[in-house]
Structure formats: structure tokens, C-alpha cells
Novice: 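Okay, here's the structure, questions in a sec.
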Amino acid sequence: MKVTKKRLGRAFFQNPDVVEVAKSLLGKIICSNVDGKYCEAMITETEAYAGQNDKACHAHMGRFTKRTATMYEKGGTSYVYLCYGIHHLFNIVTNIEGKADAVLIRAIEPINGTAIMLERRKTTRLNPIVFSGPGKLTKALAIDKSLNALDLVYNDILYIADHNFIVNDIVKTTRIGIDYADEDALLPWRFYISGNKFVSQP
DNA sequence: TAGGTGATCTTG
DNA sequence: AAGATCACCTAT
């Protein structure tokens with residue numbers, strides 16, 4: 001079978017249904033070209049954050065600050081921020097400009113440049129634990145705040161591609177680490193590829 | 001299971 | 001304006 005590698009364009013990200021985008025991002029490829037080192041990793045786990053109506057979202061009730069401003073950008077923009085003083089978390093903004101929807105990437109599976117990613121994680125063992133968790137994959141892909149608010153559609157440092165991986169079965173669960181969000185903490189908006197070892201909490 | 005770490009936001 | 005909070009990780 002011919003494998004096509006196609007970069008995702010604006011239309012993919014501007015979908016007004018962030019839950020659908022979170023699901024269709026599973027199996028897609030993150031291409032990172034930081035420090036002249038190129039590597040590719042498949043997205044295995046995501047979470048959807050649905051703008052101002054979602055209590056778990058940074059932009060809940062239209063909250064607009066220096067940090068959350070990026071979430072209001074047009075779909076296809078990167079949203080990277082520091083969490084717990086240590087970890088960079090990588091999100092992809094979706095929907096049109098002004099709508100603060102985003103998808104958090106929670107886990108990846110290395111596809112190309114695995115050695116580079118292992119080195120950045122300071123290990124030699126290819127263990128799923130090394131790449132499953134939002135703070136870990138950013139380290140593996142060298143994503144930090146300097147890559148915030150980047151346009152993933154036109155940039156050559158960081159972008160998303162489709163290698164035509166077929167995702168057969170998607171598991172739906174509740175999102176992690178958002179107990180403060182009351183009833184919205186119960187929404188089944190965390191998705192991962194069924195049977196894939198590279199997820200944070202099977 | 002506890003503590004580290006620092007930007008962000010303030011009786012989540 | 002200082003302190004609580006926080007979409008987490010690593011090591012004991």
C-alpha cells in the first residue's frame with residue numbers, strides 16, 4: 001500500500017467541533033524540527049478543551065489573559081505553557097479565531113528519530129512510560145514556551161502530518177487532573193488509541 | 001506518596 | 001502584592 005504523508009491544513013483545525021478534532025488527531029504525526037534535529041511521533045492520546053463553556057478550560061467564561069490569549073487564535077496555532085513550574089504542555093488550538101477551543105496532546109509513540117527523543121528524555125530504553133504524559137512528550141520533542149503561538153499550518157519547526165495510519169478503535173474516558181471543574185470533570189473528553197501501549201493510563 | 005518548581009491568577 | 005493554585009514528574 002502506498003503511504004502518503006500529508007501535512008494537515010487549516011481546514012482540519014478550524015472544525016468547530018473540538019471533540020471531533022481531538023478524536024481525529026489520534027494517529028496523526030507530530031513533526032518536530034528543533035535544533036536541526038528532525039523527529040516524528042504519532043499522537044496516541046488527546047483531551048478536548050471546549051472554550052468558554054468548559055469549566056476545565058483556561059478560557060472558561062471568556063477569561064482572557066496574557067497566557068490564555070493564544071487560545072483565541074485561529075485553529076492550527078500551537079498553545080504551549082508551563083505547568084507546575086516544570087512541565088511544558090502542548091496544545092493545538094482549534095475552531096476559528098475568537099473561539100478558545102484547544103486539544104491537549106497527552107501521549108505519543110515515536111515513529112522517526114527515536115534516538116533523539118530518547119536522548120532528550122535521558123534514557124536508552126524504549127519504554128512507553130518515557131513518552132506517555134503531557135510533560136514528557138514535550139521534552140522528547142523539544143517543545144517549550146518559545147514554540148507558543150506558532151502557526152502549525154505554515155511553520156517548518158513544528159507541524160502535524162497525516163501518514164495514513166488507521167485508528168480502529170478509540171477509547172473515551174474522563175479528563176485527568178481537572179477535579180476543580182465540577183460537573184465538567186465528568187465529560188468523556190479524553191481519547192486514546194485502543195490497545196496502544198503508549199498512553200498515559202490505560 | 002511527597003515534594004519540587006515557577007508562572008499565573010487571586011476565597012476552583 | 002504575596003500566597004494559593006496548577007491540564008505533572010521523579011524519586012524515595
Side-chain angles (χ1 to χ4, degrees), chain A residues 13 18-19 21-23 25-26 30 41 43-73 75 77-95 99-110 117-150 152 158 160 170-193 197-202:
Chain A
F13 300 109
V18 64
V19 170
V21 179
K23 285 192 275 193
L25 274 171
L26 294 175
I30 303 173
I43 299 171
T44 57
E45 179 178 341
T46 61
E47 277 178 8
Y49 287 86
Q52 65 171 30
N53 298 321
D54 179 0
K55 287 189 182 176
C57 182
H58 289 160
H60 179 230
M61 299 290 285
R63 215 158 90 221
F64 190 95
T65 64
K66 194 174 174 189
R67 178 177 62 156
T68 64
T70 307
M71 295 193 80
Y72 294 84
E73 291 289 325
T77 303
S78 71
Y79 174 40
V80 182
Y81 70 95
L82 192 63
C83 182
Y84 297 110
I86 300 175
H87 310 288
H88 295 278
L89 269 59
F90 174 48
N91 301 247
I92 298 172
V93 175
T94 70
N95 213 329
K99 304 282 188 181
D101 297 354
V103 176
L104 169 67
I105 309 301
R106 290 193 55 89
I108 57 170
E109 172 176 346
M117 291 185 252
L118 286 172
E119 187 188 336
R120 285 177 178 145
R121 293 287 289 114
K122 300 200 190 317
T123 181
T124 53
R125 267 205 111 68
L126 180 52
N127 185 320
I129 275 184
V130 173
F131 300 109
S132 54
K136 299 179 189 176
L137 69 92
T138 54
K139 202 164 180 194
L141 295 171
I143 296 173
D144 65 15
K145 271 181 63 177
S146 68
L147 299 182
N148 182 40
L150 227 57
L152 301 173
L158 187 66
I160 314 296
I170 295 173
V171 179
K172 266 192 274 205
T173 63
T174 52
R175 294 174 290 178
I176 290 176
I178 51 152
D179 296 340
Y180 57 87
D182 303 330
E183 73 274 12
D184 285 350
L186 301 175
L187 292 168
W189 283 358
R190 169 171 171 253
F191 307 99
Y192 61 87
I193 299 176
K197 298 279 183 280
F198 290 78
V199 302
S200 66
Q201 265 184 322

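Quick note on labels: first sequence line is chain A, next is B, and so on, each numbered from 1. We use all heavy atoms of the structure for the numbers below, so side chains are in, but hydrogens, waters and symmetry mates are not. Owing to the predicted nature of the structure, the values given are computational and were not obtained by experimental measurement.
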Novice: Does C/dC9 have its OP1 or OP2 closer than 4.0 Å to a side-chain nitrogen or oxygen of A/Arg106?
Specialist: no

Novice: Without decimals, in angstroms, what is the distance between A/Arg125 CZ and C/dT10 C1'?
Specialist: 18 Å

Novice: Using salt bridge (charged side-chain N to carboxylate O under 4.0 Å, His left out) as the criterion, list what pairs up with A/Glu109, not counting sequence neighbours.
Specialist: none

Novice: Is any side-chain heavy atom of A/Thr46 less than 4.5 Å from a side-chain heavy atom of A/Ile105?
Specialist: yes

Novice: Under 4.0 Å, heavy atoms only, any strand: does A/Leu104 hit a base, just the sugar-phosphate, or nothing?
Specialist: base

Novice: Hey, which sits more toward the 5' end of DNA chain C by its nearest nucleotide, A/Ile129 or A/Tyr81?
Specialist: A/Tyr81

Novice: What is the base-pairing partner of B/dT5, counting Watson-Crick and G-U wobble geometry with both distances under 3.5 Å?
Specialist: none

Novice: Considering heavy-atom distances to DNA chain B, does A/Cys83 or A/His58 have its closest nucleotide positioned more toward the 5' end?
Specialist: A/Cys83

Novice: Between A/Lys145 and A/Lys55, which residue's closest nucleotide on DNA chain B lies nearer the 5′ terminus?
Specialist: A/Lys145

Novice: Under 4.0 Å, heavy atoms only, any strand: does A/Ala56 hit a base, just the sugar-phosphate, or nothing?
Specialist: base

Novice: Separation of A/Lys66 atom NZ from B/dA7 atom P, in whole Å?
Specialist: 11 Å

Novice: How long is the straight-line distance from CD of A/Gln52 back to OG1 of A/Thr68, given to the nearest 0.5 Å?
Specialist: 11.5 Å

Novice: Calculate the interatomic distance between A/Lys136 atom NZ and C/dC8 atom P; express it in whole Å.
Specialist: 12 Å

Novice: Between P on C/dT10 and CZ on A/Phe131, what's the gap in Å once rounded to a whole number?
Specialist: 11 Å

Novice: So which nucleotide from B/dG12, C/dC8, B/dA7 ends up closest to the side chain of A/Arg63?
Specialist: B/dG12

Novice: For atom P, what is the distance between C/dT10 and B/dT8, given to the nearest Å?
Specialist: 23 Å

Novice: Measure CD1/A/Ile86 against P/B/dA7 and give the value in whole Å, please.
Specialist: 12 Å

Novice: For A/Thr65 and B/dC9, is the shortest distance between a side-chain N/O and OP1 or OP2 below 4.0 Å?
Specialist: yes

Novice: Within the pair A/Arg67 and B/dC9, is there a side-chain N or O less than 4.0 Å away from OP1 or OP2?
Specialist: yes

Novice: Give the minimum heavy-atom separation between A/Leu141 and A/Ala41, together with the two atoms involved.
Specialist: CD2-CB, 4.3 Å

Novice: Whole-Å distance between C/dC8 P and A/Asn91 CG?
Specialist: 11 Å

Novice: Can you tell me the pairing partner of C/dA2 across any strand shown, Watson-Crick or G-U wobble, with both distances under 3.5 angstrom?
Specialist: B/dT10

Novice: Please report the distance, rounded to the nearest Å, between NE2 in A/His87 and P in B/dT8.
Specialist: 16 Å

Novice: Salt bridge check, A/Arg106 against A/Glu47: does any charged N sit closer than 4.0 Å to a carboxylate O?
Specialist: yes

Novice: Could you check how far OH of A/Tyr84 sits from P of B/dC9, rounded to whole Å?
Specialist: 15 Å

